[in-house]
Amino acid sequence: MTRWCRGAPVADLRASLLGAIVHGVVAERYLLRLTHLADAAPDDVIDLLRPCFLSLAAAPA
């Protein structure tokens, strides 16, 4: 796999990871409802995921 510090492959991977996280949270929270995530307050979920999203969404320094 080609890895570039500032290029499409890394950006595509970061975007794919963001999508995977969103899909996983939605599936667990609303479909499977197997963990505490199903009952968590939306603000708590957002507060915990925010640093991860920000780090993946930001361009590498």
Side-chain angles (χ1 to χ4, degrees):
M1 175 178 172
T2 302
R3 293 175 190 245
W4 298 339
C5 291
R6 301 173 204 268
V10 173
D12 290 346
L13 176 57
R14 290 193 334 261
S16 294
L17 286 169
L18 283 168
I21 292 167
V22 169
H23 286 107
V25 169
V26 168
E28 180 61 38
R29 183 172 173 87
Y30 299 107
L31 301 175
L32 300 174
R33 300 190 57 81
L34 298 175
T35 66
H36 297 288
L37 181 56
D39 298 324
D43 286 340
D44 291 341
V45 176
I46 291 167
D47 289 345
L48 288 169
L49 287 175
R50 182 177 288 116
C52 178
F53 273 61
L54 292 175
S55 68
L56 286 170

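Residues take their numbers from the sequence shown, with the count starting at 1. No experiment lies behind these values; they were computed from the predicted model shown.
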In residues 43-58, what donor-acceptor pairs under 3.5 Å come from side-chain atoms, sequence neighbours left out?
from	atom 1	to	atom 2	distance (Å)
Asp47	OD1	Arg50	NH1	3.1
Ser55	OG	Pro51	O	3.3
Ser55	OG	Cys52	O	2.9

query: Any link between Leu32 and Ile21 through a network of hydrophobic side chains (Ile, Leu, Val, Met, Phe, Trp, Tyr) touching at under 4.5 Å?
result: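 Shared cluster, no.
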Practice task
Tell me whether Tyr30 is reachable from Leu34 by hopping between hydrophobic residues (I, L, V, M, F, W, Y) whose side-chain heavy atoms are closer than 4.5 Å.
Solution key: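 In one cluster: no.
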*Taking the side chain as every heavy atom from C-beta outward, state whether Arg29 and Thr35 have any atom pair closer than 4.5 Å.*
no
Check your understanding: Just wondering, do Leu37 and Val25 contact through their side chains at under 4.5 Å, heavy atoms?
Key -> yes
